[in-house]
> 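My questions all concern the structure below.
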Amino acid sequence: MIIDISSAKRMVVKIGSALLVNMETGKLRTQWLAALGKDIADFKRNGTDVIIVSSGAIALGRRLLGLHAGSLKLQESQAAAACGQIALAHAWQTALLAQNITTGQILLTLRDTEERRRYLNARATLFTLLKQGAVPLINENDTVATSEIRYGDNDRLAARVSSMVSADCLVLLSDVDGLYSKPPGESDAKFIPLVEKISPEIEAMAGTAATDVGSGGMITKIEAAKIAVGAGANMVIAAGSEPRPLQRIANGERCTWFKATATPVVARKRWIAGSLETDGSITIDEGAANALARGNSLLPAGVVAVSGNFSRGDAVSVVNGSGKEIARGLVAYGKENAEKIIGRRSDKIEIILGFAGRDEMIHRDDLVLMGH
Ligand code: GLU
């Protein structure tokens, strides 16, 4: 086995429509789903957080609505998704409840994953579900997403989700077992078990959008891989149609792994350090500067001034008394609230602001020391 899926701490599993729904009858593959529920329960028992990104709303809904075969107009797909999503969520709820697992549904749009405030809110909800032991069930909010602001495919959505929750593993289950050097039908097509770097050659194997030779949606899977490995998750493409597909991967079944370029924390820090623009600065005292150098978080108590115009989650510079930038990070409070808690102890935050915010002005996972 190239990468051990069993050692994943937090795993996002994306399930394609063709696995969940029998494309001929339009019916749910209930037994297959029940078996996947067991797979998920095994991973959870082993200490892995699991997040599901499930397609299938449109495939299920079109039958429920009695829509014709063939391609659907946008509003028909959206109507189909409206009906199908209820059935899909119910099926997942049933399959997971049989394993004593609670599931919570989150429907996301492109904006929810790209706009910082919405992103932070969605992330906080996801973390809370995980903390309580639930399995988040995610799909695109197809009924309101219009074509310009739509993912349209759950491969990239799942990759963004995996970056959002700092997952260390992303599993794409579909009807293909991995990446081939050429379309799998061709006689000299070679199977690629491991991709350490997504080179132009690898991208070419997936086909280009213009020629569309890479069947099975390989192009969006490679796009997903770029997002995932850059955010610190190993990604695997595996065939999912046989029962217990996660167990099969763990047992060494053929699949294609894309290796992460860093751990999720390092990837996140790299991204913070690389964000050139900051929206403000936070001046800290010497004690806080020493604490930061030791790897601690920045607490409001060590802050002496804030400037600029930043919102919660924005990138800010952290400067010392002589104005030198010593760190950069994502601030947990907007400017107005940050100002009110300058120099105050964290246990006073709730009394001052009227809500229980984070103890840290900048958590150490969101902080990078400059010059390191
Ligand atoms: N969100 C779509 C659905 O639930 C699926 C998109 C995809 O196939 O990746 O039907």
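As the structure lists them, so they are numbered: ligands from 1, and atoms in each ligand from 1. Since the structure is predicted, the reported quantities are computational estimates derived from the model, not experimental observations.
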> Using a 4.0 Å cut-off to any heavy atom of Asn139, which atoms of ligand 1 qualify?
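Listed by number with element, the hits are 1 (N), 3 (C), 4 (O).
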> Closest approach of Ile362 and Leu330, non-hydrogen atoms and distance?
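Nearest heavy atoms, Ile362 then Leu330: CG2-O, 3.6 Å.
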> Would Gly56 count as a polar contact of ligand 1, with the cut-off being nitrogen or oxygen pairs under 3.5 Å?
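Looking only at distances, the answer is yes, because the N/O contact criterion of under 3.5 Å is met.
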> For atom 6 (C) of ligand 1, what is the closest protein heavy atom, and at what distance to 0.1 Å?
Gly152 O, 3.5 Å
> Return the NE2 to CG distance between His90 and Leu60, rounded to the nearest 0.5 Å.
12.0 Å
> Is the shortest N/O to N/O distance between Ala57 and ligand 1 below 3.5 Å?
yes
> Counting non-hydrogen protein atoms only, what is the nearest one to atom 8 (O) of ligand 1? Give residue, atom name and distance.
Ser55 OG, 3.8 Å
> I'd like to know if Lys221 pairs up with Asp153 as an ion pair, taking the criterion as any Lys NZ or Arg NE/NH1/NH2 lying under 4.0 Å from an Asp or Glu carboxylate oxygen.
no
> Considering only non-hydrogen protein atoms, determine which one is nearest to atom 2 (C) of ligand 1 and report residue, atom name and distance to 0.1 Å.
Asp142 OD2, 3.4 Å
> Apply the hydrophobic cluster definition, ILVMFWY joined by side-chain contacts under 4.5 Å directly or through others, and give me every member besides Ile58.
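Result for Ile58 is Leu65, Leu67, Leu72.
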> Is there a donor in the side chain of Asp279 and an acceptor in the side chain of Asn309, or the other way round, less than 3.5 Å apart?
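Side chains of Asp279 and Asn309: no pair found under 3.5 Å.
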> What about Ser54: any of its N or O atoms under 3.5 Å from an N or O on ligand 1?
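In fact, backbone or side chain, Ser54 has no N or O that close.
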> According to ring pair (Phe, Tyr, Trp, His ring centres under 6.0 Å), does anything in residues 40-72 pair up with another residue at least two apart or in another chain? List the pairs.
none
> Got the closest protein heavy atom to atom 9 (O) of ligand 1, with its distance?
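Of every protein heavy atom, Asn154 N, 2.6 Å lies nearest to atom 9 (O) of ligand 1.
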> Pairing donors with acceptors under 3.5 angstrom, does anything connect the side chains of Asn22 and Arg63?
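The answer is no; no qualifying pair exists.
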> Considering only protein heavy atoms, which is closest to atom 10 (O) of ligand 1, and at what distance to one decimal place?
Ile58 N, 2.9 Å
> Is ligand 1 less than 4.0 angstrom away from at least one heavy atom of Ala81?
no
